[in-house]
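Source: prediction; values computed, not measured.
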Amino acid sequence: MCVAYDGTRVLSDVSLDVARGELVALLGSSGCGKTTLLRSIAGFVTPQSGRIRVAGRDIGALPPEKRGTAMMFQSYALWPHMSVAANIGYGLRMRGARRDAIAKRVDEMLALMQMHGFASRSVAQLSGGQRQRVALARALAVDPALLLLDEPMSNLDYKVRIELRHELRALQKRIGITAVYVTHDREEALTLADRIAVLDAGRVVQYGSPEEIFHRPASAFVAGFMGADNAIELTREGDGRLRGANGNGGGEAMTAHFRSDAARIDAASSVANDADLRLHGQIVQTLYVGQGYRYRVRTEGADVWAHASERIDEGASVAVVVPRDALLLFPRATTPG
């Protein structure tokens with residue numbers, strides 16, 4: 001599928017399959033095209049090319065209300081002048097459902113969301129987490145074949161977000177709803193999704209299970225986005241040993257990515273395993289992170305981040321040691337010239 005705005009391509013050759021009962025996360029930074037893809041599925045954006053099928057039915061030419069999908073917006077888009085019950089039943093009323101059927105379905109949704117006693121309350125009186133539950137109940141009330149969620153937890157504080165993340169995952173598994181979930185938060189994607197599609201510049205650059213995306217990123221971009229944001233240029237010699245980029249003996253030019261919590265800080269004079277990557281440098285920044293410290297170390301090749309449990313003075317000379325199996329290696333990009 002391809003989508004363009006005013007001649008500018010924002011989605012290019014996107015192809016995804018979502019299995020019944022699966023939650024797929026669309027993960028990427030702002031402007032990568034993930035919300036455009038979600039809105040294309042919902043029917044709010046018209047693709048230039050490609051097909052959109054839900055349960056084998058081509059829905060590309062149908063208006064949003066005929067697609068069998070329901071969308072939960074980032075802002076929740078609740079009606080502030082309506083009660084909780086009226087908001088939950090809104091989609092059913094628009095579809096012409098009978099009053100008794102609406103009341104029954106609203107009761108079912110209130111029970112599902114553990115919101116007994118909230119039916120007559122104004123949504124303006126609810127907390128952020130409660131409004132999120134009402135918005136989700138409204139989306140589920142119409143019994144969609146596909147639930148679409150556009151960063152629904154981004155406006156919540158951290159504690160509530162963590163709690164609702166677990167609740168949503170448990171609910172999705174319990175009722176077996178098929179869902180596509182947009183987020184820029186990798187932890188959220190890893191926690192919620194059966195599979196993750198990582199987008200960059202309008203393209204899906206990797207699609208797989210959370211474990212695959214995290215441990216076996218397909219590119220340096222995916223590795224960095226999934227938290228392995230330390231990058232150092234190396235050469236890989238014929239025997240597999242890794243040397244600094246300026247080392248002698250030639251070898252294959254590589255970029256090694258690693259996560260800061262996979263690296264440890266040793267004394268500059270300590271001896272490490274030959275298989276480990278060892279970078280000498282000086283501590284230039286210290287951050288306390290609750291269960292220890294995170295240090296920025298200026299090495300000859302690059303500034304890198306590493307963790308340590310003890311406090312080390314800035315300016316100290318240290319060695320950053322990274323186990324060989326914690327390194328994610330990619331061929332170094334060459335600059336045209």
Can I175 and L140 be said to form a side chain to side chain contact (heavy atoms under 4.5 Å, CB included), step by step? CA-CA 10 Å; I175 66 178; L140 292 174; 4.1 Å; yes

Say whether, by atom type as modelled, one donor and one acceptor occur between the side chain of D266 and the main chain of A319 under 3.5 angstrom.
-> no

inquiry  = If you define the side chain from C-beta out and look only at heavy atoms, does anything of T191 sit under 4.5 Å from P210?
reply    = no

Would you say that Q206 contacts S219 through its side chain, given a criterion of any heavy-atom pair below 4.5 Å between the two side chains? no

Report yes or no: does R67 contribute a side-chain atom to a donor-acceptor pair with the main-chain N or O of G60 at less than 3.5 Å?
yes

task = Test L37 against M1 for side chain to side chain contact (heavy atoms under 4.5 Å, CB included), laying out the working first.
result = CA-CA 9 Å; L37 177 54; M1 181 175 69; 3.1 Å; yes

Q. Can you check whether S15's main-chain N or O pairs, donor with acceptor, with Y207's side chain at less than 3.5 Å?
A. no

Sub-3.5 Å donor-acceptor pair from the side chain of R161 to the main-chain atoms of E188, do we have one? no

Notebook entry, point to check: Is the number of heavy atoms from other residues, nucleotides or ligands within 6.0 Å of CG (D58) greater than 12?
Noted result: yes

List, one per line, each side-chain donor-acceptor pair under 3.5 Å for residues 284-298, sequence neighbours excluded.
{"from": "Q285", "atom 1": "OE1", "to": "R296", "atom 2": "NE", "distance (Å)": "2.9"}
{"from": "Q285", "atom 1": "OE1", "to": "R296", "atom 2": "NH2", "distance (Å)": "3.2"}
{"from": "Y288", "atom 1": "OH", "to": "G290", "atom 2": "O", "distance (Å)": "3.0"}
{"from": "R294", "atom 1": "NE", "to": "S260", "atom 2": "OG", "distance (Å)": "3.3"}
{"from": "Y295", "atom 1": "OH", "to": "E310", "atom 2": "O", "distance (Å)": "2.8"}
{"from": "Y295", "atom 1": "OH", "to": "I312", "atom 2": "N", "distance (Å)": "2.7"}
{"from": "R296", "atom 1": "NH1", "to": "D303", "atom 2": "OD2", "distance (Å)": "2.7"}
{"from": "R298", "atom 1": "NE", "to": "D303", "atom 2": "OD1", "distance (Å)": "3.0"}
{"from": "R298", "atom 1": "NE", "to": "D303", "atom 2": "OD2", "distance (Å)": "3.3"}
{"from": "R298", "atom 1": "NH2", "to": "D303", "atom 2": "OD2", "distance (Å)": "2.9"}

Any donor and acceptor pair, going by atom type alone, linking the side chain of R93 with main-chain N or O of A86 inside 3.5 Å?
yes

To the nearest 0.5 Å, atom OG1 of T183 lies from atom CG of L149 at 10.5 Å

Check your understanding: Under 4.5 Å between any side-chain heavy atoms of M226 and L190, yes or no?
Key -> yes

Would you find a donor on one side and an acceptor on the other, under 3.5 Å apart, between the side chain of K34 and the backbone of V198?
no

- Without swapping roles, check the side chain of Q282 against the backbone of G315 for a donor-acceptor pair under 3.5 Å. yes

Are any of the side-chain nitrogens in R98 or D100 under 4.0 Å away from the carboxylate oxygens of its partner?
-> yes

*Hey, are the side chains of I232 and V322 touching, using non-hydrogen atoms and a 4.5 Å cut-off?*
no

Open item on the list: Using modelled atom types and a 3.5 Å cut-off, is there a donor and acceptor pairing between side-chain atoms of T299 and backbone atoms of H280?
Closed with: no

Checklist entry - Side chains of V84 and Q125: closer than 4.5 Å at any heavy-atom pair? => result no

Task: Side-chain (D157) to main-chain (V160) donor-acceptor, under 3.5 angstrom - done: yes

Does a donor on one side chain sit under 3.5 Å from an acceptor on the other, for R169 and Q172?
yes

Worksheet item: Thinking salt bridges, do D194 and K173 make one under a 4.0 Å N-O criterion?
Response: yes

Is the backbone N or O of V45 less than 3.5 Å from a side-chain atom of R39, with the two atoms forming a donor-acceptor pair by type?
no

### Message
Taking the six-membered ring of F214 as reference, does the cationic atom of R259 (NZ for Lys, CZ for Arg) lie under 6.0 Å from its centre and within 45° of its axis?
### Response
yes

